[in-house]
Novice: 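This structure is in structure tokens; I'll ask about it shortly.
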Amino acid sequence: MTTDEAKEIIFDVLSNIAPEVSPDEVEHDVDLSEQLDLDSMDYLNWLIGISEVTGVEIPQRDASHFLTIDGAASYLLR
Amino acid sequence: MIEFKLPSLGADMDEAMLVAWLVAPGDIVERGQVIAEVETDKGIIEIECWEEGYVDELLLEPSPTKLSVGTPIALLRSIDDSAPARRAGAHDGAIIDAADPVEATDETEAIGTDGEDEALAAPRISPPIRHLAHELGVDISRLEPTGDRGEITRDDVRSASVPMSAPNERPRATPRARQVAMERGIDLLAVTPSRRDGLIVEEDLPAASEKPADATVELPINERDRGQAMRGAIARSMERSKREIPHYYLGTQIDLAAMMSWIEEANDDRSLTKRILPAALLLRAVALALREVPDFNGHWIDGAFRPSQDIHLGVAVSLRTGGLVAPAIVNADRLDLDEMMVSLTDLVARARSGRLRSSEMSDATITVTSLGDRGVDIVFPIIVPPQVAMVGFGRIAQRPVVVDESVVVHTVVDASLTADHRVTDGHRGGLFLLAIDRLLQEPDKL
């Protein structure tokens with residue numbers, strides 16, 4: 001998987017949670033929840049979606065990697 | 001013959017448009033089954049039928065005409081019009097084919113179609129347990145009752161819900177499939193995946209979009225109009241609240257250190273889908289506190305407080321496109337923490353996609369709003385009439401607190417209570433908030 005592919009998955013999942021958000025508007029290195037006003041339920045559903053699509057387990061202690069789009073992408077590429 | 005009328009959809013909702021029938025004449029309807037969809041100011045609402053019987057006639061076609069609550073929309077024929085033997089046969093066939101995914105997966109459970117068949121009275125089950133079964137998607141007609149008097153017990157329902165894939169659980173699907181399903185109004189739970197790993201892909205969807213009855217109508221309301229209509233519904237409800245209800249307000253800071261460390265530890269071993277959010281514990285504490293201080297649970301109707309035996313927690317859910325809805329978690333005090341989390345996740349998802357059920361819109365006995373880990377510190381709620389109280393939780397945040405004469409940093413939340421002074425006084429309100437506080441100090445017991 002390349003970074004672009006990882007980000008495509010990440011945005012694809014995000015589009016289910018915040019369908020009104022256009023990917024162009026999202027800053028990749030800024031806290032995602034704050035930027036898009038995601039609540040804890042949205043955020044959890046985002047993690048669940050990414051995990052379902054990629055098959056990557058995301059233990060709670062690693063959730064801090066998923067604060068930003070960049071952070072999430074680099075975690076998936078590890 | 002039973003006349004099925006458009007049920008109440010909440011105090012601020014008195015009309016709706018029939019969008020689709022999900023049953024056809026001749027079908028058997030079970031209690032709690034979704035039989036139609038209506039469009040309201042608050043989105044699509046699935047209409048449940050609490051009668052049992054055969055569908056005799058659908059009185060109205062889907063159309064953009066606004067119908068008042070109470071309008072007869074279908075005729076049902078009660079089951080005891082037919083011989084018991086026929087019912088058993090029909091039971092094995094027709095109902096099991098219906099859209100209930102529990103049926104298909106429930107192969108381990110004994111099929112207990114009772115021989116005597118007490119028609120509408122069977123099977124024996126108390127209303128709270130029936131609600132629980134409904135909430136967990138358990139088909140009570142297939143349970144083997146273990147109660148002393150042959151009734152279905154809570155454990156019967158629970159044990160039936162555990163081994164199978166819970167209907168509230170999100171089916172596994174690709175994001176694309178999920179989106180397409182949402183757009184086309186397809187229930188993913190009813191989709192059979194073609195892939196061996198059970199993941200639903202887009203190609204699986206078209207065949208699954210066939211509903212039992214395909215009488216659907218173009219949605220007459222667009223998003224912008226719906227936003228305005230919802231604003232109007234909120235305005236009517238809040239105007240009535242501020243006009244009629246003498247509100248009083250209380251607040252207290254609750255130390256969540258114990259709760260947060262319990263959650264962290266509990267979530268450490270859990271997979272993502274089983275993870276617990278703070279909101280589930282807050283809701284559970286409110287539900288249990290209401291058992292101790294029940295005078296905040298019920299409705300003010302015709303000049304008097306009508307307490308409710310059941311605790312249906314309305315949960316304020318803000319919609320991403322603006323507006324909010326407050327559907328109910330039915331019988332919230334009877335759900336354990338995991339069930340509460342499942343119910344909450346499911347309710348929020350359906351509230352946001354506009355697929356709530358009629359009972360959820362009308363049954364709340366108190367409402368809770370929780371701002372989670374973002375937003376402001378304190379919320380001063382306005383009561384949703386005809387309820388008599390609302391509990392608010394502000395942002396969960398770290399703040400200095402005094403413990404054993406030293407200042408330390410703890411995670412805390414400001415809990416607030418707004419209540420109807422016609423029903424209770426501040427002293428009772430204080431006891432209610434303190435009960436919530438006390439319960440949250442022992443999260444392992446929640």
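Quick note on labels: first sequence line is chain A, next is B, and so on, each numbered from 1. Computed from a predicted model, the values in this text were never measured in an experiment.
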Novice: Which one of B/Val348, B/Asp269, B/Asp268, B/Asn267 has the most heavy-atom pairs closer than 4.5 Å to chain A?
Specialist: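 If we count pairs closer than 4.5 Å to chain A, B/Asn267 comes out on top.
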Novice: Does atom CZ of B/Arg270 have more than 12 heavy-atom neighbours from other groups under 6.0 Å away?
Specialist: yes
Novice: For B/Arg352, is it the side chain, the backbone, both or neither that has a heavy atom under 4.5 Å from a heavy atom of chain A?
Specialist: side chain
Novice: If every non-hydrogen atom of B/Arg320 is compared with every non-hydrogen atom of A/Glu20, which pair is closest and at what distance?
Specialist: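 Taking B/Arg320 first and A/Glu20 second, the nearest heavy atoms are NE-OE2, 2.8 Å.
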Novice: At their closest point, which heavy atom of B/Arg275 faces which heavy atom of A/Pro59, and how far apart are they?
Specialist: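 Taking every non-hydrogen atom into account, NH2-C, 3.6 Å.
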Novice: Determine the minimum heavy-atom distance between B/Leu272 and A/Leu44, stating which atoms define it.
Specialist: O-CD1, 3.9 Å
Novice: May I ask you to list the residues in residues 28-41 of chain A that approach chain B closer than 4.5 angstrom, counting heavy atoms only, ordered by number?
Specialist: A/Ser33, A/Glu34, A/Leu36, A/Asp37, A/Leu38, A/Asp39, A/Ser40, A/Met41
Novice: Which residues satisfy the side chain to side chain contact (heavy atoms under 4.5 Å, CB included) test with B/Val379, sequence neighbours excluded?
Specialist: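 In terms of side chain to side chain contact (heavy atoms under 4.5 Å, CB included), with neighbours along the sequence ignored, B/Val379 is linked to B/Thr369, B/Leu371, B/Ser416.
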Novice: For B/Glu265, is the CD atom crowded, meaning more than 12 foreign heavy atoms sit under 6.0 Å from it?
Specialist: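 Not buried by this count: 12 neighbours or fewer within 6.0 Å.
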